[in-house]
Structures are given as C-alpha cells and as structure tokens.
Engineer: 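Can you keep this structure in mind? I'll have questions shortly.
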Amino acid sequence: MTYVLSSSIERLKEKIRNIPNFPRQGVQFKDITPAIGEGQFFRLIMTIFISRYQKKKIDKIAAIDARGFIFAGALAHSLGVGIIPIRKKGKLPYKTYELPYKSEYGEEILTIHQDAITKGESVLIIDDVLATGNTALTAALLIEKCGGNLMELGFLAELCDLKGREKLFPFPCYSILQF
Ligand code: AMP
C-alpha cells in the first residue's frame, strides 16, 4: 500500500477549481483540468487509484463518458485489464443496452455494448465526480445487465452534500477527495 501524505491530498484538492453556474445556473462545477494538467498531480491521482486497486480481483474497468475515460484508461493500462466505455446514447457503434436517467443537467441516456462483459467478470467503474449518483447508479445497473459483478465505483471527487454515496448503496464506493 502506497502511503500518500495528507498535505499532498490537500494540495491536490486545491487544484480542483470551482466554476459557479456552469454548465447551467445553480450548478457549482468542479473543474478537474488544473489537477490533470500538471504531471505531478495526475501522477498522484493515478498512484492513489493504482495502490487501491492493484491487489483486487478486477477483470475490467468501466469508464463513464467522458472525463472518466481519462483515469480509467491510465488505470486499465497499469493494471493490465480491459476497459469498457459507458457512453451517452448514439456514440457506441455495436448493439447496446441503454438506460435513461436524470443528471444535474437534465435527462440523459447511458449505453454499453451488449458483449462488453463476460458473465461473472469483476468490474470496477471509474468516473471523475460523484454528484447526485444518478449517472454512476445507471452505469452500475448497466454492468449488472451485462452479467458483470460490480466490485466498486471509484471517483476522483465526491460532492458529499448531494448524497450520491447513499444512492449507490449497497455498491461499494470510493473517492480520493471529498468536498
Ligand atoms: P451525477 O449523476 O449527478 O452524480 O453526476 C455525475 C456526472 O456528471 C459525472 O460524470 C461528472 O463528470 C458530472 N458532474 C455532475 N455534477 C458535476 C459537478 N458539479 N462538477 C463536475 N462534474 C459534474
């Protein structure tokens, strides 16, 4: 287990920028680009994710469209496992399962390729931000629909006031930063 100093976590937290009223009025957007734009912070994020998941039984990592791809790709490479894109409707070319959900921004539909998972595979879901939890829960249900066993959902940042973690219960949930 890699030991990460709490001062490093605090410095990483300061690299997440608040953008009020984006993409619409009333949403306090957590902009992760200052954090991922600096090598030392991107590496810190990935070191924490890798240290948490390297000893776990994971067959595939499911990445949520679109910022989840950034972390899931790097993590799948490090762990030597496959990556599954979970995308907004209309983006995946093959046969899909789809589920509608309500996001902070409005009505959306998430999709997954029907053959993305072999029954019984252990799957980790990765995304950048856990807000209301609707997106992550929809992704979790799609993994189950494909026959996968969801081992955990991992996030860079969690907006605790929105109680997404409660919505995801009993699925295990992990976040590096809490706001
Ligand atoms: P939710 O379904 O409300 O948990 O929203 C999570 C998804 O929307 C993630 O894919 C995030 O990238 C994005 N998202 C929602 N709210 C925010 C926010 N306040 N700041 C940054 N990203 C957000």
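For the single chain, residues carry numbers from 1 onward in sequence order. All ligand and atom numbering here is 1-based and tracks the order in the structure.
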Engineer: Parallel, tilted or perpendicular: which fits the ring planes of F42 and F71, with parallel below 30° and perpendicular above 60°?
Structural biologist: tilted
Engineer: Going hydrophobic residue to hydrophobic residue with side-chain gaps under 4.5 angstrom, can you get from L156 over to L124?
Structural biologist: yes
Engineer: Name the option, out of L156, T132, T135, that contains the heavy atom nearest to atom 7 (C) of ligand 1.
Structural biologist: T135
Engineer: Please report the C-alpha distance between I61 and F49 in whole Å, then the side-chain angles of each, then the deciding distance to 0.1 Å, and finally whether the side-chain contact (heavy atoms from CB on, under 4.5 Å) criterion is met.
Structural biologist: CA-CA 12 Å; I61 297 178; F49 273 140; over 6 Å; no
Engineer: Is the shortest N/O to N/O distance between D127 and ligand 1 below 3.5 Å?
Structural biologist: yes
Engineer: Give a yes/no on ligand 1: does G133 have at least one heavy atom closer than 4.0 angstrom to it?
Structural biologist: yes
Engineer: State yes or no: do V123 and F169 share one hydrophobic cluster built from I, L, V, M, F, W and Y residues joined by side-chain heavy-atom distances below 4.5 Å, directly or via other members?
Structural biologist: no
Engineer: Can E152 and R52 be counted as an ion pair, charged N to O under 4.0 angstrom?
Structural biologist: yes
Engineer: Using a strict cut-off of 4.0 Å, indicate which atoms of ligand 1 neighbour a heavy atom of L159.
Structural biologist: 19 (N)
Engineer: Got an N/O contact under 3.5 Å between K30 and ligand 1?
Structural biologist: yes
Engineer: Which ligand 1 atoms does N134 reach within 4.0 Å, using its non-hydrogen atoms?
Structural biologist: 2 (O), 4 (O)
Engineer: Q28 heavy atoms, cut-off 4.0 Å: which ligand 1 atoms fall inside?
Structural biologist: 18 (C), 19 (N)
Engineer: Ligand 1 versus R67, non-hydrogen atoms closer than 4.0 Å: side chain, backbone, both, neither?
Structural biologist: side chain
Engineer: Can you name the residues that form a salt bridge (Lys or Arg N to Asp or Glu O under 4.0 Å) with K89, not counting sequence neighbours?
Structural biologist: E98
Engineer: Please confirm whether A131 comes within less than 3.5 Å of ligand 1 when only nitrogen or oxygen atoms on both sides are compared.
Structural biologist: yes
Engineer: Going by the closest heavy atom to atom 11 (C) of ligand 1, which one wins out of V27, I64, D128?
Structural biologist: D128
Engineer: Please output the side-chain donor-acceptor pairs of residues 170-179 that fall under 3.5 Å, not counting sequence neighbours, one pair per line with the distance.
Structural biologist:
from	atom 1	to	atom 2	distance (Å)
S175	OG	E158	OE1	2.6
S175	OG	Q178	NE2	2.9
Q178	NE2	S175	O	2.9

